[in-house]
Amino acid sequence: MQENQNNVSADYRCGYVTLIGRPNVGKSTLMNHLIGQKIAITSHKPQTTRGRIQTVYTDERGQIVFLDTPGIHESKNKLGEYMVKVATKTLEEVDLILWLVEPTTYIGAGEKMIIEQLRASNKQVILVINKIDTVPKEELTKFIEAYKKEMDYADIVTVSALKQENLEELMDVIFSKLPYGDPFYEEETLTDQSERDIVSEIIREKALRLLSDEVPHGIAVTVETMKTRQVSKPVKKKKSKHVHPPKKSAQASPTAEGAVPDLEAMLAALSGGESDAADVQDVDNIMDIEATIICERDSHKGIVIGKGGSMLKKIGSQARGDIEKLVGCRVNLQLFVKVRRDWRNDTVQMKNFGYKNTK
């Protein structure tokens, strides 16, 4: 087999592939399973993905750079406009488009809008009908025929991202449509997302999954600090032969009359620290992380915190497990909640929260 100067075979294929579609069709779930690792957050709520997330898959056939994008929807604020612009602009930058749809014969206004953009892009389009685990197999043909009437495709593949059905077939089809060439990234490269970015998204994912429907679209997460410190490994204590009286339960120190309690400090403590951290064996490091959940209203802040800090503690506890898998050590996660009214219509605040203008 002939090889080029970069030690890759002559039939090595490389290219950029974007996943587009309406909100909540399973783009992030599909991308995570295709690359074999969770990078993009997922939830049952639409518009979970807010920016472009790049991941890299490499094997002996070649290299695919996946671009996961926000769902294309009717914008109701500047954040929505930003998300749609990110998705549509990506069409100009790729070699191949995966258009994800749900198994249905109804082609609505949202799908019609996407079809117009696909036609204008002049790019190869693979129609991916997702969620086939939710319908009888014998009905798939009528869904395929309904979409075939709308435009021509480079190929059509039916999959279940959730159940991981037909994903190898989809990968074979993707590689067959990409141009020959050298890899863009080193083989071990997985994503362009920084560790801080991923931590922020993990926290937002847990909030999306736990909070009521009226809150999630109005929240953002910023990671203020991430610092690793050395700790001594715990020493096993010998059991004492003496019987000690039970310790008195810890009580909060009384607040001086007229003084205002440090609510933020109390909430940070409630969101969990080292004592709540998952059991990571043979590690002598702890990463201290401080993050802030931003919401738009005072009433939303109360929901995020929960009664006695219960919701904030749940968010912190669930996020901590995933973060520890990411960073490979114990995590001391401190969460705070702040209100920034109508931040989704404020371009300066959007930029501060990581949603930068797309040229």
query: Does the ring centre of Tyr16 sit less than 6.0 Å away from the ring centre of Phe184?
result: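 That pair passes the under 6.0 Å test.
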Got more than 12 heavy atoms from elsewhere within 6.0 Å of [atom1], [X]?
{"X": "Asp152", "atom1": "CG", "answer": "no"}
{"X": "Glu187", "atom1": "CD", "answer": "no"}
{"X": "Lys137", "atom1": "NZ", "answer": "yes"}
{"X": "Arg297", "atom1": "CZ", "answer": "no"}
{"X": "Glu188", "atom1": "CD", "answer": "yes"}

message: Show, in sequence, the C-alpha distance, side-chain angles and deciding distance for Glu201 and Arg204, and conclude whether the salt bridge (Lys or Arg N to Asp or Glu O under 4.0 Å) test is met.
response: CA-CA 5 Å; Glu201 286 290 271; Arg204 189 167 68 88; 3.0 Å; yes
Side chains of [X] and [Y] only: does a donor on one sit below 3.5 Å from an acceptor on the other?
{"X": "Asn130", "Y": "Glu102", "result": "no"}
{"X": "Gln334", "Y": "Asn332", "result": "yes"}
{"X": "Glu224", "Y": "Thr222", "result": "yes"}

Salt-bridge contact [X]-[Y] (side-chain N to carboxylate O under 4.0 Å):
{"X": "Lys142", "Y": "Glu145", "value": "no"}
{"X": "Lys177", "Y": "Asp95", "value": "no"}
{"X": "Glu205", "Y": "Arg209", "value": "yes"}

task: Measure across Leu333 and Gly316 and return the closest heavy-atom pair with its distance rounded to 0.1 Å.
output: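 Result for this residue pair: CD2-O, 3.6 Å.
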- prompt: Of all heavy-atom pairs between Gly181 and Cys14, which one has the smallest distance, and what is that distance?
  reply: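 Reported closest heavy-atom pair: O-SG, 3.6 Å.
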Any sub-3.5 Å donor-acceptor pair from [X]'s side-chain atoms to [Y]'s backbone N or O?
{"X": "Gln54", "Y": "Leu67", "answer": "no"}
{"X": "Thr225", "Y": "Ile289", "answer": "no"}
{"X": "Ser200", "Y": "Val221", "answer": "yes"}
{"X": "Asn32", "Y": "Ser28", "answer": "yes"}
{"X": "Lys123", "Y": "Leu91", "answer": "yes"}
{"X": "Lys131", "Y": "Val101", "answer": "no"}
{"X": "Thr189", "Y": "Glu186", "answer": "yes"}
{"X": "Asp133", "Y": "Lys163", "answer": "no"}

Considering residues at least two apart in sequence or located in another chain, which fulfil the side-chain hydrogen bond (donor to acceptor under 3.5 Å, both in side chains) criterion with [X]?
{"X": "Asp155", "value": "none"}
{"X": "Thr58", "value": "Gln63"}
{"X": "Glu150", "value": "Lys112"}

Heavy-atom distance under 4.5 Å between the side chains of [X] and [Y], does that happen here?
{"X": "Val56", "Y": "Leu190", "result": "no"}
{"X": "Arg341", "Y": "Glu296", "result": "no"}
{"X": "Ile303", "Y": "Ile305", "result": "no"}

message: Rounded at 0.5 Å granularity, tell me how far CD1 in Ile115 sits from OH in Tyr147.
response: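 Reported to 0.5 Å precision, the distance equals 7.5 Å.
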task: Apply salt bridge (Lys or Arg N to Asp or Glu O under 4.0 Å) to the pair Arg61 and Asp11, showing each step before the final yes or no.
output: CA-CA 8 Å; Arg61 293 170 291 182; Asp11 57 356; over 6 Å; no
Cation-aromatic face contact Arg13/Tyr180, 6.0 Å, 45 degrees: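 Judged by the rule (NZ or CZ under 6.0 Å from the ring centre, within 45° of its axis), Arg13 counts as positioned above Tyr180.
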